[in-house]
Number of protein chains: 2
Amino acid sequence: MSTRDWRPKYLQLAEELRRQILSGQLAAGTALPSETELADHWDLSRTSVRNAIRMLRDWGLVRAEQGRGTYVRAPRQRVRRRNTERYQWEKDRALLSEEDRRREGGAEHDTGLSVDDLKFHAEYAEQGADEGLAEAFGVEVGTKLLRRTYWTSSRHESAPLSFSHSYLPLDVISSNPDLLDASKEPWPGGTQHQLSTVGVEVDRIVDEIRARPPSPDEAELLEIDSGVSVLTVRKTSIDNDGRVVEVADVVFPGDRTELVYTNKLKRWKT
Amino acid sequence: MSTRDWRPKYLQLAEELRRQILSGQLAAGTALPSETELADHWDLSRTSVRNAIRMLRDWGLVRAEQGRGTYVRAPRQRVRRRNTERYQWEKDRALLSEEDRRREGGAEHDTGLSVDDLKFHAEYAEQGADEGLAEAFGVEVGTKLLRRTYWTSSRHESAPLSFSHSYLPLDVISSNPDLLDASKEPWPGGTQHQLSTVGVEVDRIVDEIRARPPSPDEAELLEIDSGVSVLTVRKTSIDNDGRVVEVADVVFPGDRTELVYTNKLKRWKT
DNA sequence: GAGTGGTCTAGACCACTGT
DNA sequence: CAGTGGTCTAGACCACTCC
């Protein structure tokens, strides 16, 4: 450098490392030089090096692992979830034969990955509605709900693509005992078909989208640092009678997810 | 404390300050004790105090201002934007008389604030389409566009509620010179009415939603720290002929925005 | 000029991971 | 065990704001 650089040194280091990562010079999955090495090579204190690395973590470019090293994260391939089309597609599919429903799952619809590339986990438990859920369902606090926890991940990456809790009122689904059995998952046809077995037709689905910092649990599970936000979707399914039949809270890693909604407008009268 | 606390000290301090902020003990707008004061009272080094404050900043609870102090941010009132309904409402309104259109603006529809509470800014400029915009519009790179920059803020807070760039192809709008005149803003009836003056009816609007760290410019403008994510919406409006007539990139502060989409499903045949 | 947050140093000990 | 990142100290100087 011929002229002096007025930016703080830790930022210069952060941007140089960023450049190396984006150019592929530091490939995904490889370790950064250790903090002491960087401090030596750049003639900086370890504090300043850590400051630079914190930038890279906030940018979602690297991930630090205690005792092991700091690793370049996989390139940010965003998963597009086209929810408007997805929900209608799920509804149409609920009327098909089991064979047809088995043919393709919802996660593949989002990711373009085949079923062999995906891992799927489900856990069921019963719980009473807390204040937030009671309000979402329009029922009394303590009303019994089935809580279903899902996570889906690619076989090529350990971090889940999404993580969700889905809640169903027990009194809506109790007439079909299969719906209480987690071992039936992944259920061909998804939630809308499950609800159809107890006579429920979903009329509309409202999605509320937010971004917030991850809880420590979420950061670990999604393999993101606490500086990277999560995208959350509160999905509320309402049946033909205006009754809330499912509430789901879905959490996505904010830096690798894209949600798409298509809003069709009514034609003007000509 | 009777038993030893195993958490790092900076985290204990961060959580204590968080508690005080959420309980109202440290009110919005007030300054935190200075870093040296906190270090003295808690018997910590200034480094550890700064580490704690960094947590609070990432959580969006405080904002540091160089040379002045660290201030508690306004309570996180989320602005709900119900886009599905908003877009249809805008379309319906485009057919009304000017008097009726003047009565209420789009931002009020989102926030519940009256027009007196809102400040509005617009800037117009012409530019050629870069690669990303050319792809979004389905036109050649360099095609002339009108770029309109908007920001809307509440009179009670300096930080904008949102910030956006909207792009219109010049050849679509050139037949109405008023559309090139920024001084006509805020335009009663919004973009859909503007387009209606050149014979365009919007058929559908596709929203693509992402979360990412803010650029330094955005962080300053939205008065958030670099640890707080922004929510971005790429809004694409398509007319009756399938032509892309507007592309807008809207940026929201991630910790105070909620986007809502209502997905109406087709009834099963009975 | 006094006080604030921003940058930076040169150490130290710890918890955790690998071998 | 050596090496890594996580926590922590006790200083220092700077840029900035306000009086």
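We name chains A, B, ... by the order of the sequence lines, and we start the count at 1 in each one. Only a predicted model underlies this, so the values are computations on that prediction, with no experimental measurement involved.
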Just the rounded figure in Å: distance from P of D:dG5 to CD1 of A:Ile53. 6 Å
Round to a whole Å and report the spacing from CG of B:Asp40 to C1' of C:dT4. 14 Å
Side-chain donor-acceptor pair present, [X], [Y], cut-off under 3.5 Å:
X: A:Gln127; Y: A:Arg147; value: yes
X: A:Arg148; Y: A:Ser166; value: yes
X: B:Asn83; Y: A:Tyr261; value: no

Counting primed atoms, P, OP1 and OP2 as sugar-phosphate and everything else as base, the B/S/- map of nucleotides 6-15 of chain C against protein heavy atoms under 4.0 Å is BBSBB-B--B
Give me the atom names and distance for the closest heavy-atom approach of B:Thr36 to B:Arg46. CG2-CD, 4.3 Å
B:Thr236 OG1 to B:Tyr167 OH distance, which is reported to the nearest 0.5 Å: 12.5 Å
